[in-house]
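So the structure is just underneath, and the comments pick up after that.
Count residues from 1 along the sequence.
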Amino acid sequence: MKAVGYRIPGPIDAAASLTDIDLPEPSPTGRDILVEVKAVSVNPVDYKVRGSTPPNDGEAWKVLGWDAAGVVRAVGPSASLFQPGDEVFYAGSISRSGTNAEFHLVDERIVGRKPQSLDWAEAAALPLTALTAWEAFFDRLDVTKPVPGAAPAILIIGGAGGVGSVAIQIARQRTDLTVIATASRPETQDWVRTLGAHHVVDHSKPLAPQVEALGLGAPAFVFSTTQTAAHVQDVAELIAPQGRFGMIDDPAGFEIMLFKRKAVSIHHELMFTRPIYQTPDMAEQGRILNEVSRLADQGKLRTTLTERLSPINAANLKHAHALVESGKARGKVVLEGF
């Protein structure tokens with residue numbers, strides 16, 4: 001089968017950073033299903049792993065990719081949720097070989113039914129980011145539980161990125177919170193408004209005075225998707241006492257003591273945690289994706305696809321990696337078809 005991988009981690013401009021390869025087609029066992037991949041999207045985790053992680057012991061190639069939409073072609077002997085021919089979408093597991101391949105194995109418990117109203121590329125834009133935002137809101141920050149005295153509002157830092165773009169929509173559809181999103185360019189500010197942000201502030205400037213100027217009061221929640229280290233002081237100043245602060249990136253030198261006086265709780269979100277550790281509630285991810293699919297088919301959640309490339313090959317993946325790594329991507333870059 002066709003696939004894209006690498007042997008040695010490194011920068012995207014290296015000649016062999018991503019290579020077109022041919023690999024044996026895998027066979028499903030246990031609760032795995034075999035999916036014929038129709039479209040994949042690129043996330044920051046792709047370039048982070050590409051730059052740091054060699055192939056697993058005993059493997060010649062590292063295959064990336066943690067978003068896919070496709071068709072089930074075979075199921076393992078213990079699988080019961082899907083049958084060959086079913087259309088699915090999912091984000092997979094960082095501990096397994098990725099989706100940048102014609103055929104891919106994934107545990108059925110973390111798979112959802114593809115939205116029928118979206119095409120392959122539109123569907124592939126959603127799983128990883130939707131799972132991340134959903135888990136951050138409802139499993140980590142518990143946004144349905146009010147913070148006494150705080151404004152019922154959430155500040156989403158990095159509102160125009162992949163996660164931010166779907167987080168704004170989930171917050172609008174599943175909560176009554178006032179949504180404040182950050183964006184710094186006219187086109188990204190327009191983008192987050194079209195997704196439903198009530199207010200937009202500029203993350204290239206100090207956030208605390210801009211949020212205060214909105215007149216809402218101190219927000220109960222802050223969800224940071226990128227550049228958290230650059231905004232820690234501001235977040236500590238603007239968040240409500242007893243507020244809840246969640247993040248998904250990897251800030252260096254995070255000053256946690258800034259939050260002690262306000263008794264602000266700090267939450268990390270990694271949507272790979274459930275599949276990595278095979279947690280007892282691992283199937284929650286399949287349930288979340290089915291709910292995302294339902295919202296999409298009801299017209300309440302739109303795809304965050306902004307750039308479509310074809311086919312799925314090393315050249316196009318290099319372009320997508322470079323764009324996402326630049327930090328200037330709006331929404332999601334998706335590749336479709338082998």
Pairs involving residues 110-169, ordered by first then second residue, that meet ring pair (Phe, Tyr, Trp, His ring centres under 6.0 Å) (sequence neighbours left out):
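Output for this query lists W134-F138, F137-F223.
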Mind listing the closest non-hydrogen atom pair of [X] and [Y] along with its distance?
X: A151; Y: L216; answer: CB-O, 3.3 Å
X: R302; Y: Q169; answer: N-OE1, 2.7 Å
X: V179; Y: A171; answer: CG2-CB, 3.7 Å
X: R50; Y: L64; answer: CB-CD1, 3.7 Å
X: Y6; Y: P55; answer: O-CG, 3.7 Å
X: D67; Y: S41; answer: OD2-OG, 2.6 Å

Are [X] and [Y] in one and the same hydrophobic cluster, where Ile, Leu, Val, Met, Phe, Trp and Tyr link if side-chain heavy atoms are under 4.5 Å apart?
X: L305; Y: V42; answer: no
X: F254; Y: L155; answer: yes
X: L335; Y: F338; answer: yes
X: V333; Y: W191; answer: yes

Any heavy-atom pair between the side chains of [Y] and [X] that's under 4.5 Å?
X: L81; Y: R31; value: yes
X: E108; Y: V88; value: no
X: V211; Y: P219; value: yes
X: F103; Y: P26; value: yes
X: P44; Y: V324; value: yes
X: L126; Y: K114; value: no

Do the ring planes of F272 and W66 sit parallel (below 30°), tilted (30 to 60°) or perpendicular (above 60°)?
perpendicular
Are there over 12 heavy-atom neighbours, none belonging to E212, within less than 6.0 Å of that residue's CD?
no
Within 6.0 angstrom of Q278 CD, more than 12 heavy atoms from elsewhere:
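Check passes, neighbour count above 12.
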Before accepting this row, confirm whether a basic side-chain N of the pair [X]/[Y] lies closer than 4.0 Å to the acidic partner's carboxylate O.
X: D190; Y: R193; result: yes
X: K332; Y: E307; result: no
X: R113; Y: D86; result: yes
X: R330; Y: E187; result: no

Candidate list H203, H231, Q210, test side chain to side chain donor-acceptor pair (under 3.5 Å), partner T182, passing option
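Answer to the side chain to side chain donor-acceptor pair (under 3.5 Å) test with T182 among H203, H231, Q210: H203.
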Strictly under 6.0 Å, is that where the ring centroids of H267 and F221 end up?
no
Answer yes if the side chains of R185 and Q189 hold a donor-acceptor pair under 3.5 Å, and no otherwise.
no
Filter on salt bridge (charged side-chain N to carboxylate O under 4.0 Å, His left out), then keep only pairs touching residues 129-141, sequence neighbours left out; what's left?
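Listed once each, the pairs are E135-R140, E135-R274, D139-R274, R140-E269.
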